[in-house]
Structure formats: C-alpha cells, structure tokens
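What you see below is based on every heavy atom in this structure, not just the backbone, and it leaves out hydrogens, waters and symmetry mates. In what follows, residues are counted from 1 in the order of the sequence shown.
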Amino acid sequence: MRRTVFNEDHEAFRETLRAFIEAEVIPVYDEWFAAGQAPRDFYYKLGELGIFGISVPEEFGGAGLDTHKFEAVLYEETARAGVSFGGSGVHVLLALPYLKMLATDEQKKRYLPKFVTGEEMWAIAMTEPGTGSDLAGMKTTAKLSEDGTHYVLNGAKTFITGGVHADRVIVCARTSAPTAEDRRHGISLFAVDTKSEGYSVGRKLDKLGLKTSDTAELAFVDVKVPVEDLLGEENKGFYYLGHNLASERWGIAFGAYAQAKAAVRFAKQYVQERTVFGKPVAHFQNTKFELAACQAEVDAAEAVADRATEALDAGELTPAEAASAKLFCTEVAHRVIDRCLQLHGGYGYMNEYPIARLYADNRVNRIYGGTSEIMKTIIAKDMGL
C-alpha cells in the first residue's frame, strides 16, 4: 500500500537527515554509547541543521511549519540507522509545545531564538522520587517571595531526560496546596535557568536502554526563579500537562513503530548474510514465516501511526486515540523486536549489533508517557466502560 502521509519536502528532509546521520553520528555512536550521553556540542549541529526550529515561528528564527511530520521522518531515520540524537528529543517533542502554548511574547523573544540554535537546551521535570505517575502527589514547592519579584523553589525530581545537558528546565511545582475537591489544584510551571544558585544535577542515571540519552536527578534548594519565568497562570499546571499528553503519546507511538520497522530491516539483513548448516538462515521456512508475520504487524502499526500523525496535525487527535495508538504501536514493537532478536541467535544479545540496543531501548515505550495499563484505562473509559 502506498503511503500518503509524506510529500516531496519530507522526503528531501529525509535525504538530508540520512546523510547527516551517516557523516556525523554513525562514526562516533559507539563512543556516545560508552559515555552514556551525546556530547553537548552535537546539539549545536542539530541547531545548524534546523532540527530544533521546524515548528518555531519564523520571527524567532524557525521555519514556522505547523506539522509533526518532519519529527516523524526523524524517528524513522534514527531508528533505521540504529542511533539516537541523545537526550535532545525532549527539547522539541516535550518542551516546545509548552513554550508555544504558554509563553508570553516577551518570553518567546527571550527563549525561542536560543532554543532554535541549541544554545539553550530544554528539558521538563515532572516526576519525583516516590510519586511516579501520580503527578498530583508532587512535593516540590515554589513560594512567592514577600516582595513578589521571584519564587523560591525547593524539592527534587528524577528520571529527567536531557537533565544533564539542559540549560533550562520546565519545572512543575506546587504554588498552592491541593484542595479537598481537587488534588491536582495548585501546580504551576516554571522555566528554570539551570545556572541558578541552589540548582544541582545529581546522579546521571544508569538505565537499561537509551544509553546515549542523559537522564538525571535534579535538586532545588532555595532556587530563586524570577516571576518573569512563570509559564502560563499560577495553579493551572496540571491542566497544561494534560493538554500536551496527546502529542507526547503520539511521539512514543510513532517512535515505537519506527523501531519495529528497523528491527525487521536488521533481521532481514542478518539472516541473508548468516549461514547455518551450509545455508543462509533466510532459506529456512521458519525464518520466512517469522519475518513475514513481523512485516504484517509493522504494516498495521504504520497505518495506525500515520493516521495518528494526520489527526495530530489537524488538531483532532483525542486523548483516547493517542492512547490507542501508543498502546498498539508499543505492543507491536515489543513483539516484533523480540522475534527479530531471536532470529539473530546469540549475536542478538551482543550490544555491537543494533538489534540488541534496540531491544533495550524499546522496553521503556510501554512505561513512560503512561504505561500500557494506563492506556487501556483511558481507552476503556472512552468506550463508556
């Protein structure tokens, strides 16, 4: 079936991106993997390539394209090459929607030009030790000073992707106590400068997968945040967080589909080259049947991912539809990648092979952005159950 989601501009971007990955990423990726993060100066190269400014308005240095399809191409090309762009994914997929939705004109003038060039890398800090998905239970506080010029931020965050290299972090904190009627009340969002006194980066966390993505613990001790760095209105942070969940879950869904597609590519190449009992592994019926079944699942996931992309660009992707796409694509990727690793035999367990890294990277897709169980709950509620 012919795909219709991409046009000539997207395919031209794909060619540019593929050449960039081959020249700038693949030769040094093993070094990044060993170091546990991409180097900070790599993000300046992404800025020069225009990756960060695709959907940023032209007046702030971006291309002003209101679409997620270029991000979709990026997911496909990085997965195809078996690489990632470090922790920079949250910069565009997670942080930018909040800046576009909540920042005042004055804030956009301060934030977005540096955002586009990579001079200021952004992350978002929601999760806290002991709270997990229960954002309403967060303990980090931001109290307005007596003279009203700044907030005093205290608390801690964990699992913060991009947290090591971040120059600014959107921090979720309590500005008011929750009410008896609404535990979610009282949360606000702040664009915190990581150079602020009292702000510190703790451990760079050692994860099962996503090894080139810097993920850290953050701590705030009497950090002064100017009132000019409040994003949106006080106490409405939980609403803002919910507003952007659909795009976040789309990103995870599309990324998972892209990983599954890449896994089939890796396995197909391997079984054609690997010889067992005097024959290429690809000649055995079991191999053909396994890859055929995987390809059928990838075709279905591609259709779901493409449909979700079109709906997101049209502003019509509902929370339940985003949950459905995430659930389906991440579960497909789990099954497909596991079967493709099996076809590699013992070599599939070695990190020198991209399928091994892909297997580890993929596992978190069914956890972050809302677990598969949470997705089922959202879908069931939408069904009236």
Side-chain angles (χ1 to χ4, degrees), residues 90-91 93-112 115 120-163 166-201 216-248 319 368-370:
V90 299
H91 185 67
L93 180 63
L94 298 188
L96 183 57
Y98 291 100
L99 300 184
K100 292 173 66 176
M101 177 176 70
L102 302 175
T104 64
D105 289 342
E106 184 275 332
Q107 287 175 325
K108 289 177 180 177
K109 290 177 183 177
R110 282 195 290 127
Y111 301 151
L112 292 180
F115 181 101
E120 280 192 352
M121 294 300 297
W122 288 67
I124 184 166
M126 293 183 274
T127 305
E128 296 183 0
T131 61
S133 298
D134 183 20
L135 295 180
M138 69 175 61
K139 305 297 184 183
T140 298
T141 59
K143 297 182 178 181
L144 188 63
S145 62
E146 292 185 4
D147 61 7
T149 61
H150 62 273
Y151 292 85
V152 180
L153 182 67
N154 283 283
K157 301 289 182 177
T158 192
F159 304 150
I160 309 307
T161 302
D167 301 288
R168 277 194 183 265
V169 178
I170 299 174
V171 177
C172 311
R174 284 209 163 276
T175 44
S176 297
T179 65
E181 297 78 20
D182 188 2
R183 292 178 63 242
R184 300 171 296 182
H185 172 77
I187 295 172
S188 302
L189 307 184
F190 299 90
V192 179
D193 187 340
T194 63
K195 296 185 296 295
S196 302
E197 184 178 352
Y199 180 104
S200 63
V201 178
E217 296 174 331
L218 306 179
F220 322 109
V221 179
D222 293 334
V223 176
K224 292 183 179 179
V225 182
V227 293
E228 293 81 10
D229 286 329
L230 171 70
L231 287 174
E233 297 181 38
E234 263 195 12
N235 303 324
K236 291 189 176 181
F238 201 95
Y239 164 77
Y240 299 143
L241 295 173
H243 184 81
N244 286 323
L245 277 176
S247 62
E248 178 183 352
Y368 67 4

Q | Partner of Phe190 by side chain to side chain contact (heavy atoms under 4.5 Å, CB included), out of Leu231, Asp229, Thr175 | A | Thr175
Q | All side chain to side chain contact (heavy atoms under 4.5 Å, CB included) counterparts of Glu106, not counting sequence neighbours | A | Thr104, Arg110
Q: Can you sort out the partners of Asp182 under salt bridge (Lys or Arg N to Asp or Glu O under 4.0 Å), two or more places apart, ordered by chain and number?
A: Arg184
Q) Strictly under 6.0 Å, is that where the ring centroids of Tyr98 and Tyr240 end up? A) no
Q: Flag yes if more than 12 heavy atoms outside Lys143 fall under 6.0 Å of its NZ atom; otherwise flag no.
A: no
Q. If you take all heavy atoms of Gly163 and Val201, which pair is closest and at what distance?
A. O-CG2, 3.8 Å
Q | Minimum side-chain heavy-atom gap Met138-Ile187 below 4.5 Å | A | yes
Q: Quick one: do Ile160 and Glu217 satisfy side-chain contact (heavy atoms from CB on, under 4.5 Å)? Show the steps, please.
A: CA-CA 6 Å; Ile160 309 307; Glu217 296 174 331; over 6 Å; no
Q | For Tyr111, all residues meeting ring-ring contact (aromatic ring centres under 6.0 Å, His included), sequence neighbours excluded | A | Trp122
Q. Considering residues, nucleotides and ligands other than Lys224, do more than 12 of their heavy atoms fall under 6.0 Å from its NZ?
A. no
Q | CD1 on Ile124 to OG1 on Thr161, rounded to 0.5 Å | A | 11.0 Å
Q.
Quick check against the 3.5 Å criterion: does Thr194 have a side-chain atom that pairs as donor or acceptor with the backbone of Ala166?
A. yes
Q | Partners meeting side chain to side chain contact (heavy atoms under 4.5 Å, CB included) with Val171 (sequence neighbours left out) | A | Ala125, Leu153, Lys157, Val169, Val192, Phe220
Q) How close do Leu189 and Leu102 get, heavy atom to heavy atom, and via which atoms? A) CD1-CD1, 3.8 Å
Q) Is His91 reaching over with its side chain to a backbone N or O of Phe115, donor-acceptor style, under 3.5 angstrom? A) yes
Q: Ignoring hydrogens and angles, state whether a donor on the side chain of Glu234 or Ser176 is under 3.5 Å from an acceptor on the partner side chain.
A: no
Q. Looking at residues at least two apart in the chain, or sitting in another chain, which of them share a side chain to side chain contact (heavy atoms under 4.5 Å, CB included) with Pro178?
A. Arg174
Q. Do Cys172 and Leu241 come within less than 4.5 Å of each other through their side chains, counting heavy atoms only?
A. yes
Q | Min side-chain heavy-atom separation Leu112-Leu99 under 4.5 Å | A | yes
Q) Sub-3.5 Å donor-acceptor pair from the side chain of Glu248 to the main-chain atoms of Leu93, do we have one? A) no
Q) How close do Thr140 and Gly155 get, heavy atom to heavy atom, and via which atoms? A) OG1-CA, 3.6 Å
Q) Yes or no on side-chain hydrogen bond (donor to acceptor under 3.5 Å, both in side chains) for Glu128 and Thr158, after CA distance, side-chain angles and deciding distance? A) CA-CA 5 Å; Glu128 296 183 0; Thr158 192; over 6 Å; no
(Q) For Phe159, give me all partners under ring-ring contact (aromatic ring centres under 6.0 Å, His included), at least two apart in sequence or on another chain. (A) none
Q. So, the side chain of Gln107 versus the backbone of Glu228: is there a donor-acceptor pair under 3.5 Å, distance only?
A. yes
Q: Might you point out which heavy atoms bring Asp193 and Asp167 nearest each other, and give the distance in Å?
A: OD1-O, 3.7 Å
Q: Keeping the roles fixed (side chain from Ser145, backbone from His150), state whether a donor-acceptor pair exists under 3.5 Å.
A: yes
Q | Expected output: side-chain Ser188 to main-chain Gly237 donor-acceptor under 3.5 Å | A | no
